[in-house]
Amino acid sequence: MKKLITYYRLSKEELSKVIFPTKEQVRNAFISVVLVVTVIALFLALVDFILGSFVSSIL
């Protein structure tokens with residue numbers, strides 16, 4: 001039981017050291033992720049279209 005109490009106390013102490021992101025940081029990270037995913041998706045769609053056209057012209 002003593003180990004459990006010690007674990008809880010240490011966990012609570014470590015959690016107090018955590019710095020949570022602000023709303024602005026979360027928003028900026030969200031926008032960055034959306035932009036990167038969109039650019040990669042558009043690039044892959046373009047590559048798929050080009051390769052599909054190439055294969056269909058061969059067949």
Side-chain angles (χ1 to χ4, degrees):
M1 185 68 173
K2 187 174 182 170
K3 286 184 178 183
L4 186 61
I5 293 171
T6 303
Y7 174 77
Y8 176 75
R9 190 178 334 111
L10 290 175
S11 298
K12 191 174 177 181
E13 183 181 324
E14 286 297 320
L15 191 58
S16 69
K17 296 177 185 178
V18 174
I19 299 172
F20 292 99
T22 63
K23 285 184 179 181
E24 184 179 343
Q25 290 172 330
V26 172
R27 189 190 78 230
N28 289 341
F30 175 77
I31 291 171
S32 298
V33 168
V34 168
L35 284 175
V36 168
V37 167
T38 303
V39 168
I40 290 173
L42 290 173
F43 173 74
L44 290 176
L46 179 66
V47 169
D48 181 53
F49 177 74
I50 291 171
L51 291 177
S53 298
F54 180 71
V55 168
S56 63
S57 69
I58 291 175
L59 297 176

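Count residues from 1 along the sequence.
For Glu24, the side-chain contact (heavy atoms from CB on, under 4.5 Å) test picks out Thr22, Arg27, Asn28, with sequence neighbours left out. Scored by the salt bridge (charged side-chain N to carboxylate O under 4.0 Å, His left out) test, Lys17 finds Glu14 as partners (sequence neighbours excluded). A search for side-chain contact (heavy atoms from CB on, under 4.5 Å) contacts involving Ile19 returns nothing, not counting sequence neighbours.
Through side-chain heavy atoms spaced under 4.5 Å, either directly or across other Ile, Leu, Val, Met, Phe, Trp or Tyr residues, Phe20 is tied to Leu15, Val18. Here Phe54 is tied into one hydrophobic group with Ile58, each link being a pair of ILVMFWY side chains closer than 4.5 Å. Hydrophobic cluster membership for Leu44: Val36, Ile40, Phe43, Val47, Leu51 (Ile, Leu, Val, Met, Phe, Trp, Tyr linked by side-chain heavy atoms under 4.5 Å, directly or transitively).
Across Val34 and Thr38, no two heavy atoms sit closer than the pair O-OG1, 2.7 Å.
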